[in-house]
Amino acid sequence: MYYKVLIDNIEEYAPIVYTLTVGAVCQNYSGLFRRPRGMYFSAEDRGEMMSMVYNWPADQVDMIVVTDGSRILGLGDLGVQGIGIAIGKLDLYVAAAGINPQRVLPVMIDVGTNNEKLLKDPLYLGLQEHRLEGEEYVEIIDEFMEAVFSRWPNVIVQFEDFQSKWAFRLLQRYRKTYRMFNDDVQGTAGVAIAGLLGAVRAQGRPMIDFPKQKIVVAGAGSAGIGVVNAASRTMARMLGNNEVAFESARSQFWIVDAHGLITEERVDIDPDARPFARRKSELTHQGLNEGASLIEVVKKVKPDVILGLSAVGGLFSKEVLEALKDSSSSRPAIFAMSNPTKNAECTPEEAFSIIGEKVVFSSGSPFDDVDLGDGKIGHSNQGNNMYLFPGIGLGTLLSGARIVSDGMLQAAAERIRDITKEVAAAVVREAVAEDLAEGYRDMDARELARLSEEETVDYVKNNMWNPVYPTVVYKKD
Ligand SMILES: NC(=O)c1ccc[n+]([C@@H]2O[C@H](COP(=O)([O-])OP(=O)(O)OC[C@H]3O[C@@H](n4cnc5c(N)ncnc54)[C@H](O)[C@@H]3O)[C@@H](O)[C@H]2O)c1
Ligand SMILES: O=C(O)C[C@H](O)C(=O)O
Ligand SMILES: [Mg+2]
């Protein structure tokens, strides 16, 4: 009944089971705790995980969402209280992707917390010690992955809200061997690309103009770098996919982090950001320096888009928005993607009141549309990976793909405007095309490959879990 109500009223309840309310739930989780949901694998369970997985009562598990609680939304390290995110994401898998709720498993990996408040909180449910680091940490995640894939070889593991340094490392470590993806790196990238392409359309320009867009990204963590990596690859593909194309695509991005504009002069540059560091030669030409502030960068670059994945509420200040008025675009776009609501880089009211009705606005957490007067509405769009991950997971599940490839993620991003069913069908077809599909239940790989586009959509639809209540009271008329 819970899922029936959720599915029938998803618009109303998504902000409760998911972002934004789920953030407040995670902050207070130990005090709210009534019963366990999901599984907890702790540093103290080392060597036991292979047998522990058999404690879970379901013989079949299709989807696992796992977190170590180290970066929950933009709320920082919440330790085991971050389990709420895994539960909320899986609720959306049931509601939006039709995954059977008996086959989902939220997982918390408890390696301690560096949150000093939680370390002292008598109600805190997790290990009250500082986080394990280095090889010890990796060994625990390795053991967890081996355990779940040995009991459920066909499961898909979604990594969620791991702090950036581990998000990238674990993705590289597992993506070629396990059916896994990182939602913050890869799901967010897909949603952002779909939004960026939408912004080009909103400017009345053809899609092929995307590689000309100047994009300033605030935030160089798992999400920001994930977006820049994938968006620059999309641009490069449009330009011919050769070295010149990659170089041209790279030069369309300016990344600003807590220390300002990232350039090749940055000391201790994060290796994931290095390819996008601005070159010295470009800087003199643009009048910018290493560490230039966001305002300076927006003033000099006059970007078409500013995209925030910084977790800093209000970062797109009045001055930044004023500077964006000089954008070379007819319809500048703002993506204030940080969560939850108080971390949004700006609100739609601020964007529309300063830049005017021409601005294209999107945010990670939901905001109401803005009344611009004269019957005009300023649309507040939501740019959140919730529109993508259910389709990626369902498509991977129903194709039986061995891994989640870049092509499958790209196919998902291109279909985001359709409903999840269509996204999943696109992912299935790409998995077949790449010869990764091994089939699912009665549908073997060969049969899957023979399905037409329409039949693939039907196949996905028929495999989505759907709560149906029989009518038990009939009205006389
Ligand atoms: N909308 C979505 O779908 C979506 C998806 C993933 C993440 N997010 C949000 O993105 C945010 C960041 O996530 P992350 O994993 O990348 O976190 P992170 O902590 O790894 O990265 C934050 C980045 O922001 C930078 N930063 C901090 N202060 C800044 C400032 N004043 N100016 C510019 N940059 C600054 C940091 O240097 C860092 O590079 C979170 O709020 C998260 O909720 C949203
Ligand atoms: O959970 C969300 O709302 C989106 C994203 O995964 C995030 O970490 O902010
Ligand atoms: Mg996340």
Side-chain angles (χ1 to χ4, degrees), residues 14-15 17-23 25-26 65-78 82 84-92 158-168 171 181-195 216-229 254-262 266 269-270 272-273 276 291-298 306-317 320 335-345 362-367 381-390 416:
V17 302
Y18 187 71
T19 302
L20 62 155
T21 311
V22 73
V25 170
C26 290
V65 175
V66 61
T67 181
D68 68 356
S70 55
R71 191 284 277 150
I72 295 299
L73 306 176
L75 303 169
D77 182 345
L78 295 183
I85 291 292
I87 294 169
K89 294 266 173 189
L90 286 165
D91 271 357
L92 290 202
Q158 172 169 328
F159 277 60
E160 192 67 53
D161 290 7
F162 282 71
Q163 57 183 315
S164 293
K165 66 173 181 182
W166 290 121
F168 290 120
L171 182 60
F181 67 100
N182 182 299
D183 182 39
D184 299 291
V185 178
Q186 298 166 296
T188 313
V191 168
I193 291 172
V216 170
V217 177
S222 64
I225 295 295
V227 167
V228 176
N229 256 320
W254 286 258
I255 307 181
V256 179
D257 73 355
H259 309 289
L261 179 65
I262 301 182
R266 174 74 60 102
I269 189 165
D270 181 342
D272 298 303
F276 301 99
S293 71
L294 181 62
I295 299 176
E296 263 180 277
V297 175
V298 174
I306 55 172
L307 191 151
L309 283 161
S310 65
V312 180
L315 182 68
F316 297 165
S317 61
V320 172
F335 290 70
M337 291 181 77
S338 290
N339 296 317
T341 316
K342 74 170 176 48
N343 290 53
E345 282 78 7
S362 162
S363 55
S365 300
F367 280 96
N381 307 290
Q382 197 173 358
N384 189 298
N385 51 31
M386 70 191 265
Y387 294 110
L388 208 65
F389 71 75
I416 194 166

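Numbers for residues simply follow the sequence, beginning at 1. Remember, predicted model here, so these are calculated numbers, not experimental data. Both ligands and their constituent atoms are indexed starting at 1 by order of listing.
- Distances below 4.0 Å separate heavy atoms of Thr19 from the following atoms of ligand 2: 1 (O), 2 (C), 3 (O).
- Near Asp184, the atoms of ligand 2 lying under 4.0 angstrom from a non-hydrogen atom of the residue are 5 (C), 6 (O), 7 (C), 8 (O).
- Within the 4.0 Å heavy-atom criterion, neither part of Met337 lies near ligand 2.
- Taking all atoms of both residues into account, the shortest heavy-atom contact from Thr188 to Ala223 is CG2-CB, 4.4 Å.
- At a heavy-atom cutoff of 4.0 Å, ligand 1 is contacted by the side chain of Thr188 but not by its backbone.
- Heavy-atom proximity to Leu315, at under 4.0 Å, picks out these atoms of ligand 1: 30 (C), 31 (N), 32 (N), 33 (C).
- Those atoms of ligand 2 with a heavy atom of Glu160 less than 4.0 angstrom away are 6 (O).
- At a 3.5 angstrom cut-off on N or O pairs, Asn339 counts as close to ligand 1.
- In this view, Ser310 and Glu345 satisfy the side-chain hydrogen bond (donor to acceptor under 3.5 Å, both in side chains) rule, not counting sequence neighbours.
- Backbone and side-chain nitrogen or oxygen atoms of Gly364 are examined, and none is located within less than 3.5 angstrom of a nitrogen or oxygen of ligand 1.
- When each atom of ligand 2 is checked for a heavy atom of Asp161 under 4.0 Å away, the hits are 8 (O).
- Set against the non-hydrogen atoms of Tyr18, the atoms of ligand 2 under 4.0 Å away are 1 (O), 2 (C), 3 (O), 4 (C).
- When Ser222, Ala218, Gly221, Pro340 are checked for heavy-atom proximity to atom 15 (O) of ligand 1, Ser222 turns out nearest.
- Nearest protein neighbour of atom 9 (O) of ligand 2, counting heavy atoms only, is Asn339 ND2, 2.8 Å.
- Protein heavy atom at the shortest distance from atom 5 (C) of ligand 2 is Asn385 ND2, 3.4 Å.
- Here's the thing with Ala220: one of its N/O atoms is less than 3.5 angstrom from an N/O atom of ligand 1.
- The number of protein N, O or S atoms lying under 2.8 Å from the Mg ion (ligand 3) is 3.
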